[in-house]
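These notes are about the structure you will find just below.
All chains are named by letter (A, B, ...) in the order of the sequence lines, taking the proteins before the strands, and each is independently numbered beginning at 1.
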Number of protein chains: 2
Amino acid sequence: MATIKDVAKLAGVAVSTASYALNHNSRVNAETAKRVLEAAKTLNYQKNGIARDLKRSKTETIGIIVQDLSGPFYSELMRGVQDTLLTHQYGLIACSSIGGNVTTASKFLQERRVDGVIILAESLPDELILQSVREDFPIIVLDRKLDSDSIIHVLVDNFSGGYQATQHLIDLGHKDLAYIGGPSHNRDNQLRFEGYKQALKDSCITLHPSWILQGQYTREGGYSAAKILMMQGNAPSAVFCANDEMAVGALKAFKESGLHIPEDLSIIGFDDIEISQYISPPLSTVKQSNYEIGSLAAHLIYQALNEGIEGKDYILPTELVLRKSTSAAKKMEA
Amino acid sequence: MATIKDVAKLAGVAVSTASYALNHNSRVNAETAKRVLEAAKTLNYQKNGIARDLKRSKTETIGIIVQDLSGPFYSELMRGVQDTLLTHQYGLIACSSIGGNVTTASKFLQERRVDGVIILAESLPDELILQSVREDFPIIVLDRKLDSDSIIHVLVDNFSGGYQATQHLIDLGHKDLAYIGGPSHNRDNQLRFEGYKQALKDSCITLHPSWILQGQYTREGGYSAAKILMMQGNAPSAVFCANDEMAVGALKAFKESGLHIPEDLSIIGFDDIEISQYISPPLSTVKQSNYEIGSLAAHLIYQALNEGIEGKDYILPTELVLRKSTSAAKKMEA
DNA sequence: CTGTTAGCGCGTTCAG
DNA sequence: CTGAACGCGCTAACAG
């Protein structure tokens, strides 16, 4: 447990000199520096990063709080964050929001252990975030909209995405449009649903309550929802699933029942997850660039830390990705 | 950026008193404590965790270094770690090993920012780990075996797993057993292969070199290996794939060639990844309990920190998971 | 029993 | 190249 003092003593210099030498500051004579470095090696000296951070009052590290470290969080998003921070020489550490408010999440948020945080954890209470607002501590929230202009939001335009997906089906001539949604309290889901409703409204199509189903955002949920839909008798001609996972499940259910996709029924998802392009037929979907979200979040945090920005909100557009699971409606009246 | 000093000043007490009050130490009179707490609230005081850690020389946080924060790392394992640390009131932060040795990984390892680390990142150089060995800093390595008795290893018994899988096929009457392996330098793969060879030997079955193939641990690799196997003419009656990914690929290849699994050919994998149970037929495989590994790792680190243990190594057993991709060999000679 | 003084942990950095 | 202050909170020892 050698400290810089030990190194200095062994090298026969002052602590300050040792510090300069160890940080390769040129004001130290090469000879001396070498002696210091050797002493450090001999003693197996390792700097105490905590002391350093304390003194410099910065950590050059950003924290990201995710719902569950063990869950499949958005990997593209994480990659975007990582890549961007790396170019700015910032480190990244992640923690999960589980465990009440004595967790690492609150350490990140309240105890200055990181220079800024990115939050992607629905279960983290609003209050905890709001309480953590303070000068010069950028907080980027990706999973909700909070009422504070010290918080920067990066969100996806879920409403438009839902609208786009629905409008696409309508454009193909579909009028009987089911919606398989995610958890009802989920904000993203609500907005996608709003988009769906608005699109129907704008085309004067009446919403059919029995075609509004819940699939919990899971593959199994989508599967069951699709089964229910078929059991009801009056099947729709197209289905908009609020995420791709459910769409995959629903697709399976429809295919099992002998329906041909997209000939008999069109299906569109949301998210553009990886397998969407591999399943058969490849899934049409609405894409949100998670990499871009992550990268933007990281970029904003860097800016906030180094140049300063006003707490602005960013809403990223969604993009329709058309593959093979949607096609023109059959002419029923023909 | 209020500090404890400001709080003390506002409350009209000494800094030490403020500290006691904030930590709910009973030696401070309730009245005074209340004044302090109020002052803290007024000033929106938040303790500087870094200063605290520095003084106490411990962080009560464990770091886990994974290959890639954005990749699909073993989620069950992470859950095991999380659960266990939580019960001991330790925090967990994760970082990835990418980015050279100026990364957060080295901050974890060398700068005392965490009380201990768990490593699950093949790309992290051995030297970096070895350099980081020091008194009272537990390091648990899950992905390799290092030559230092200050390092604790938690590994899976890959040899036995390979043996089990092979023996299972032998028990079913198979004698023509192919092996589709992972990267040859990969330790896990080597051991699984050793297990395979040993099992053959113990049953006096000669190893057939043209049935030993390489699939790089990827689905595509497994697919190609299976194709090659079939092109060779003398197809085996059973295949042991060193991981499930390759087994999935191989299965696809065999099915495409019109083989019926398991009637025409038995196939067994390794890892028990999630999709193994969903594919058709569900894959028989060798399971390693990742949750258990994670939980054990966390437990060991806690013990090392609080009670002390000798750097011992732990090898966890594997378990055969029989599903539908293996069945009795056809009687060729009948 | 309550509150205060003072030193510590460790590295950084300014004035000399 | 060095001495000393500093960042901030903790805590042992002491005084009232």
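- Side-chain atoms of B:Asp188 and B:Tyr217, non-hydrogen and from C-beta on, do get closer than 4.5 Å to each other.
- Residues A:Ser132 and A:Ile139 are in side-chain contact: their nearest non-hydrogen atoms beyond the backbone lie under 4.5 Å apart.
- You'll find the side chain of A:Val133 reaches within 4.5 Å of the side chain of A:Ile151, heavy atoms only.
- Ion pair B:Asp313/B:Lys145 flagged as a salt bridge, since at least one NZ, NE, NH1 or NH2 atom sits closer than 4.0 Å to an Asp/Glu carboxylate oxygen.
- Rounded to an integer number of Å, the gap from B:Arg56 CZ to D:dG7 C1' is 19 Å.
- B:Asp6 places its CG atom 11 Å from the P atom of D:dG7, with the value rounded to the nearest Å.
- Among the protein residues, A:Asn29 comes within range of the sugar-phosphate backbone only, with heavy atoms under 4.0 Å from sugar or phosphate atoms but none that close to a base.
- Counting only N and O atoms by type, the side chains of A:Asn44 and B:Gln131 include no donor and acceptor under 3.5 Å apart.
- Using a 4.5 Å heavy-atom cutoff, the side chains of A:Thr61 and A:Asp115 are not in contact.
- For B:Asn23 and D:dC8, the CG to P distance is 17 Å, given to the nearest whole Å.
- One interatomic measurement links the two molecules: CD of A:Gln110 to P of D:dC8, which rounds to 18 Å at whole-angstrom precision.
- Nucleotide C:dG11 holds its P atom 15 Å from the CG atom of B:Asp53, rounded to whole Å.
- In this structure, the NZ atom of A:Lys107 is 15 Å from the C1' atom of D:dG9, given to the nearest Å.
- When only modelled atom types and interatomic distance are considered, B:Glu111 and A:Asn48 share no side-chain donor-acceptor pair under 3.5 Å.
- Ring geometry for A:Tyr302 versus A:His88: interplanar angle under 30°, hence parallel rather than tilted (30 to 60°).
- One atom, OH of A:Tyr20, and another, C1' of D:dT2, lie 10 Å apart when rounded to the nearest Å.
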Give every pair of a protein N or O atom and an N or O atom of nucleotides 6-10 of chain C that lie under 3.5 Å apart, one pair per line with the distance.
residue, atom, partner, partner atom, Å
C:dC8, O2, B:Lys55, NZ, 3.0

Quick test: give all pairs of protein nitrogen or oxygen and nucleotides 14-16 of chain D nitrogen or oxygen below 3.5 Å, distance rounded to 0.1 Å.
none

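- As a whole-Å value, the separation of A:Ile50 CD1 from D:dG7 C1' is 14 Å.
- In the model, B:Gln82 has no side-chain atom that pairs as donor or acceptor with a side-chain atom of B:Arg79 under 3.5 Å.
- A close approach under 4.0 Å does not occur between any side-chain nitrogen or oxygen of A:Ser19 and OP1 or OP2 of C:dG11.
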